[in-house]
Amino acid sequence: MSNIAQVIVNIPTRSIDKPFSYLIPPHLQGVDVGWRVLVPFGNRKVEGFVIALAAERPEGLKTILDVLDTYAWFNTNMIETAKWLSTYYLCSLGEALRLFVPGQSGIRTQKAYKAPDEADFEQAAVILENKPVEYSTVLSYIYNQGSATLTELVKLSENTNTILKFFLQHKLIVHSDTVNKRGKSNTTTIVNLAVGREVAALTEQQLPKTCLAQRRLLHALIDNNELTTAQLRDLNITPSTIKKLASQGLITIRTTQVFRNSYDTLCKSATKITLTEEQEHALKAIIPLICAQAHKSFLLHGVTGSGKTQVYINAVAEARRLNRQAIVLVPEIALTSQIIARFQAAFGNDIVVMHSKLSVGERHDAWRRLQLGQAGIVIGARSALFAPVNNLGIIIIDEEHEFTYKQEESPRYHAREVALIRAKLAGAVVILGSATPAVETYYQALNGKHTLLPMRKRIDNVPMPAVTVVDMRQELAQRRRSVISPPLQEMLAETLANKEQAVILLNRRGYSTFVLCRECGHVLKCRHCDISLVYHTSGNTLRCHYCQERHSIPDTCPECGSRYIRYFGTGTQKVEESLNLLFPTAKIIRMDQDTTSRKMAHDKILSAFANGSYDILLGTQMVAKGHDISNVTAVGIISADTALNLPDFRAAEKTFALLTQAAGRAGRGAKAGRVVMQTYNPEHYAVQAGAAHNYQEFFESEITFRRQLNYPPFTHLLKITVQANDETIVHRNANLLASELAQILTGVDSSIVGPFPASINKIKDIFRVNILIKTTDLPNVTLKLTDVDIISRKDIIVDVDPINVL
DNA sequence: AGCACGCCGACT
DNA sequence: GTCGGCGTGCTC
């Protein structure tokens, strides 16, 4: 029997990318593939993941110190998914595996020191003789305690680090990490009043005005007998506040063994829902494959309001009936409370909701419930994809085109791609749902990779909203300069008169200004790249971020000769001002980065709007997502083409998706909806197709453009970012790398674009230069890059299938 | 990632 | 002559 384990250490770096062998000691004979273990590594103790057992027995192996669980954390499906992820996205296996661990690590390590096994006290005395007294203070503390943590030791002297280094060199002490397992305790803290309510009320009044948190806590305790951790968090009460009041004897804290489950609602509403013909058709295709335990992916292409969620629910119900588990991914938990509520109504306690605000302990508990089969459904943002479900039957990705599915830190994975692999390995079904599928996904569906399931009709045959496109160039020609055009103004007036509500979208993203002629709508573009030019304050020039070419700013429009060339940009505040002037009695609420920075602000704003406290909801793209408010009958889009002018090959796709989504907010209830889109590019296919609710039309134009310019889905992109804290060095390194790449990629079907400075070319004093590789043979490119060990270079970031090519 | 080993400048 | 800078290289 084998007693050697191949272990991947959980250290967040790309440079250690190989397993290490450890002896499994007799008392840990149960250790097997998938177990999390504690191993000695150098002079540290680290978490490791057993990925294989080995038979041979080389000399000089260290021994596994401990196990973190009493079971295997990873199943083979999870390990294989991680292996694929590390190969495809060029990260180490350790980086990929730790995605499956709540809080990225199962242990918390504290640096600590102890006397060596053969301590030479006489030698120590000699060495200490001509050293300051603090040296002996530190050493005797360690010797007397047996072992001391760094945190304790730094309190003893200002020079603790120097002193410790000295002792380590002279072998008077050795490292001895203190390791705590994380997320093990299934306990929750409960806070009670320790005094009578009257006393508490009096104390609350006497507290200084500034002690807001203390007042809040006392107030809540007077109303409720006790408060749990979750309730305290909702009230924004921090542990320090609790400690403060506890130290004054006003409250008591106790810890109980409660199994954490934030969502405790029960499965009640078993109301029979009549499916539409299209929903039924989709489910007829999906359900047999769930039963057959076969891998298959579906693209559920349904217009807004066509009832995709019900299809998800029924498909998940089927998987649950067969006792298989489900992963449901949503783009952003804060903006998708409606879909979560629907699932909770249908499945109650069987659901685990992965909230970004969950503590590591809560996350651990939630995942444990899934591992044990006590819960069958996990719903969450992209990280929920790594939930340790052992009996995976279905993965659902709602709004699959959303860019939040791409992780922007290493490992830079895309949840859709990983989901497809994980499901394939598990023999599970994938449903990709969207009203505006990613061009890549739709293309794959047309080529048979996914089964296309269209849903063209809204529930109850509610018509799609009527769209009016307003040509803002004409507005200017008529000398109307208001950001709110007459048609929009008229629609809003009628909506308000009917006591209905309106949503206004001002899609202003980023800071880079694009340059536009207000007379003809012409946007200045690079002549080589078909990409909008970006205004740079440094040097006062226009630049193309793709090819680095600089252009001077023309005085007149090169298209029509007009002098109305402007750097475009209108903020939400300006629009709010105009609206207030036009409709002084209307109640307007703004939702954008500025107003939603506080926790749960989204929900508060949306529910205030939903319950009718406001007439107009004005904001950035977030107003276009997720909500379904029946009294909203009008949607206004101030500037439908803002995203169009971003220097990005996906600009049209982003614009079309946003227009469709925003328009989809109108007329969800019984009343018909309408939309006004203001634009300087009324003839652009993204605007036209958006106004016509016609995805096919958009797709046809877009795919032609992608094919012509060799963009995805016809090629894969690979972005390589070179970083350095010196501008000359970063360019030199990038140029060197580019020629190195050109060499190693000879014979592979690929082309190299750049080097060109990143759009934000300096972050925190680090300069960044990008190189793009376009290829039809990604596996081969990846292979070549692995051959030259590019991933171990610390100054290089590799992003496979980047979302942001700049 | 840490941490050790190792080779060059400013100090008792 | 020593302390200590941070440049490679290793960790079963």
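Here the structure is a predicted model, which is why all the values come from computation and not from measurement. Chain letters run A, B, ... following the sequence lines, proteins first and then strands; every chain starts at 1. As a basis for the values below, the full set of heavy atoms in this structure was taken, side chains included, without hydrogen atoms, waters or symmetry mates.
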Report task. For A/K18 and C/dC12, give me the distance from atom NZ to atom P, rounded to whole Å. Result -> 10 Å
**Report entry** A/T13 side chain near B/dA1 phosphate (N/O to OP1/OP2, under 4.0 Å)
**Finding:** yes
Query raised in the report: Has A/F20 got its ring stacked on the base of C/dC12, with centres under 5.5 Å and planes less than 30° apart?
Result: no
Query raised in the report: What is the distance, rounded to the nearest whole Å, between atom CD1 of A/I8 and atom C1' of B/dA1?
Result: 15 Å
Query - Separation of C/dC12 P from A/I16 CD1 (nearest whole Å) - result: 10 Å
Requested in this report: Figure out the CD/C1' separation between A/E47 and B/dA1, and round it to whole Å.
Outcome: 14 Å
Report task. Under 4.0 Å between any heavy atoms, over every strand shown, what does A/Y22 touch: base, sugar-phosphate, or nothing? Just pick one. Result -> sugar-phosphate
Query - Rounded distance (Å) that lies between atom C1' of C/dC10 and atom CG of A/D17 - result: 15 Å
Query raised in the report: Taking the six-membered ring of A/F100, is the NZ or CZ of A/R36 close enough (under 6.0 Å from the centre) and on axis enough (within 45°)?
Result: no
**Report entry** Among B/dA1, C/dC12, C/dG4, the one nearest A/T162 by side-chain distance
**Finding:** C/dG4
Query raised in the report: Can you check the A/R108 CZ to B/dA1 P distance for me, whole Å?
Result: 19 Å
Query raised in the report: So which pairs with a foot in residues 8-36 of chain A pass ring-ring contact (aromatic ring centres under 6.0 Å, His included), sequence neighbours left out?
Result: A/F20-A/F41
Taking only distance into account, with no hydrogens and no angle test, what donor-acceptor pairs under 3.5 Å do side-chain atoms of residues 795-806 of chain A form with protein atoms, sequence neighbours excluded?
residue: A/D795; atom: OD1; partner: A/R793; partner atom: NE; Å: 3.4
residue: A/D795; atom: OD2; partner: A/R793; partner atom: NH2; Å: 3.3
residue: A/D799; atom: OD1; partner: A/K406; partner atom: NZ; Å: 2.9
residue: A/D801; atom: OD1; partner: A/H716; partner atom: ND1; Å: 2.8
residue: A/D801; atom: OD2; partner: A/Y88; partner atom: OH; Å: 2.7

Query raised in the report: Salt bridge or not for A/D66 and A/K181, using N-O below 4.0 Å?
Result: yes
Query raised in the report: Is the shortest side-chain N to carboxylate O distance from A/E80 to A/K424 below 4.0 Å?
Result: no
Requested in this report: To the nearest Å, give me how far apart CZ (A/R98) and P (B/dA1) are.
Outcome: 11 Å
Requested in this report: Would you give a per-nucleotide map of nucleotides 2-7 of chain B, 5' to 3', where B means the base has a protein non-hydrogen atom under 4.0 Å away, S means only the sugar-phosphate does, and - means neither?
Outcome: SSS---
Query raised in the report: Side-chain donor-acceptor pair under 3.5 Å between A/E95 and A/Y89, yes or no?
Result: no
Requested in this report: For A/P40, answer base if it contacts any base atom (sugar-phosphate contacts may also be present), sugar-phosphate if it contacts only those atoms, and nothing otherwise; contact means non-hydrogen atoms under 4.0 Å.
Outcome: sugar-phosphate
**Report entry** Atom-pair distance (NZ on A/K45; C1' on C/dC12), nearest Å
**Finding:** 17 Å
Report summary line: Which of A/L329, A/L385, A/L370 passes side-chain contact (heavy atoms from CB on, under 4.5 Å) with A/V378? Answer is A/L370
